[in-house]
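Please read the structure below before turning to the comments.
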Amino acid sequence: MTGAAPNERRGPFITFEGGDGVGKSTQIARLAERLRAAGREVVVTREPGGSPGAEAIRALLVQGAADRWSARTEALLMFAARADHLERTINPARARGAVVLCDRFADSSMAYQGIAGALGREAVATLGALIVGADGPTLTFVLDASSQEGLKRAGARGDGDNRFEAKGAEYQERVRQAFLEIAKGAPERCVVINAARDIDTIADDIARITFERLGAA
Ligand code: TYD
């Protein structure tokens, strides 16, 4: 026996997307708790980052002036981090049958760099096909809330990693619309969640949908 689970038993890969400060990390923690209570192995991770190499690249991405990188360079750094993250963290966890919960993934590159940013959809789609291929998420929650509410929460965190948040409210609104467009284009994978409600209600919705999908898998 090798350690790898047979392909049909590859663990689910669930991503959480949305603008800055929509409450993704809280919801990921809630879902992880429920899945663990149900006896599943859960790996919680995030992008940019999620493996030692990708975390090193993250530091380059989230610190410094808003115009530190061109859209093209920024996207390449994101996908370099993502390649390492897939190889070192996500794929090995799924191969053992674990559920992977990830705070942001390639939809963020499409939303931030491809649609709201200057790179364009096609370039990001090409990078996605090359780097992610068939290893992408099986289920994606798009947490949707007004960008003003999100920026307020993100600012309140005060973690200093504010290079993206420095881009302003108009950009954040474009990002919000970009995620809605992505969800509309992939309805079999993406579920839009109204994130302007209380935390418990949102967590209940997310858990119900996740367990429905796991049951069907
Ligand atoms: P993150 O730490 O998840 O910020 P937040 O908690 O505010 O959601 O991500 C940092 C920033 O990186 C965030 O503003 C979104 C941006 N980002 C991209 O622009 N492209 C990407 O591919 C990813 C993964 C993130």
Side-chain angles (χ1 to χ4, degrees), residues 13-29 44-51 53-86 89-90 100-121 123-132 135-137 140-179 181-182 193 195:
F13 177 23
I14 304 174
T15 58
F16 289 71
E17 299 279 6
D20 294 321
V22 292
K24 297 187 303 301
S25 51
T26 305
Q27 292 302 329
I28 289 170
V44 172
T45 187
R46 67 161 180 186
E47 289 211 344
S51 61
E55 289 290 333
I57 298 171
R58 176 190 173 89
L60 297 174
L61 280 161
V62 299
Q63 294 163 10
D67 64 354
R68 181 178 185 183
W69 307 110
S70 71
R72 187 169 68 151
T73 310
E74 187 169 272
L76 289 169
L77 287 168
M78 290 289 181
F79 275 98
R82 187 160 297 135
D84 193 70
H85 188 205
L86 279 168
T89 303
I90 298 170
V100 175
L101 305 183
C102 189
D103 188 337
R104 300 194 179 285
F105 194 69
D107 292 326
S108 279
S109 294
M110 183 57 86
Y112 284 86
Q113 283 71 50
I115 302 176
L119 196 62
R121 292 164 177 78
V124 176
T126 301
L127 287 169
L130 187 68
I131 304 300
V132 178
D135 290 335
T140 297
F141 291 106
V142 172
L143 271 55
D144 182 56
S146 92
S147 40
Q148 247 178 338
E149 188 52 41
L151 279 181
K152 244 193 297 176
R153 284 196 232 174
R157 259 192 339 229
D159 53 14
D161 289 350
N162 54 7
R163 191 177 146 254
F164 286 88
E165 285 143 23
K167 290 191 180 182
E170 193 258 343
Y171 180 76
Q172 295 295 339
E173 185 54 34
R174 289 218 303 278
V175 168
R176 181 189 189 187
Q177 295 307 323
F179 279 118
E181 175 190 321
I182 291 165
I193 298 287

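Every number for a ligand or one of its atoms is a count from 1 in the order of the listing.
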Option nearest [atom] (shortest heavy-atom distance, choices [options]):
atom                    : options                       : value
atom 8 (O) of ligand 1  : Arg104, Gln172, Met78, Gln113 : Arg104
atom 10 (C) of ligand 1 : Leu77, Leu61, Val62           : Val62
atom 7 (O) of ligand 1  : Leu143, Val175, Thr15, Asp20  : Asp20

Residue pair [X] / [Y], side-chain heavy-atom distance below 4.5 Å:
X      : Y      : answer
Phe105 : Ile90  : yes
Arg174 : Ile115 : no
Thr140 : Ile182 : no

As an exercise, identify every atom of ligand 1 less than 4.0 angstrom from a heavy atom of [X].
X     : answer
Glu47 : 3 (O), 24 (C)
Arg58 : 2 (O)
Arg82 : 22 (O), 24 (C)

Subject >> Residues which pass salt bridge (Lys or Arg N to Asp or Glu O under 4.0 Å) with Glu47, listed by chain and number, not counting sequence neighbours >> reply: Arg82
Original post:
Backbone or side chain, does any N or O of Arg46 fall under 3.5 Å from an N or O of ligand 1?
Top reply: no
Original post:
So is Glu74 close enough to ligand 1, meaning a heavy atom under 4.0 angstrom away?
Top reply: no
Original post:
Can Lys24 be said to touch ligand 1, with heavy atoms closer than 4.0 Å?
Top reply: yes
**OP:** Verify whether one side chain among Tyr112 and Asp20 offers a donor that lies under 3.5 Å from an acceptor in the other.
**Re:** yes
Original post:
Are a donor atom and an acceptor atom from the side chains of Gln177 and Glu181 found within less than 3.5 Å of each other?
Top reply: no
Original post:
What pairs with Asp103 under side-chain contact (heavy atoms from CB on, under 4.5 Å), at least two apart in sequence or on another chain?
Top reply: Lys24, Ser25, Ile28, Arg46
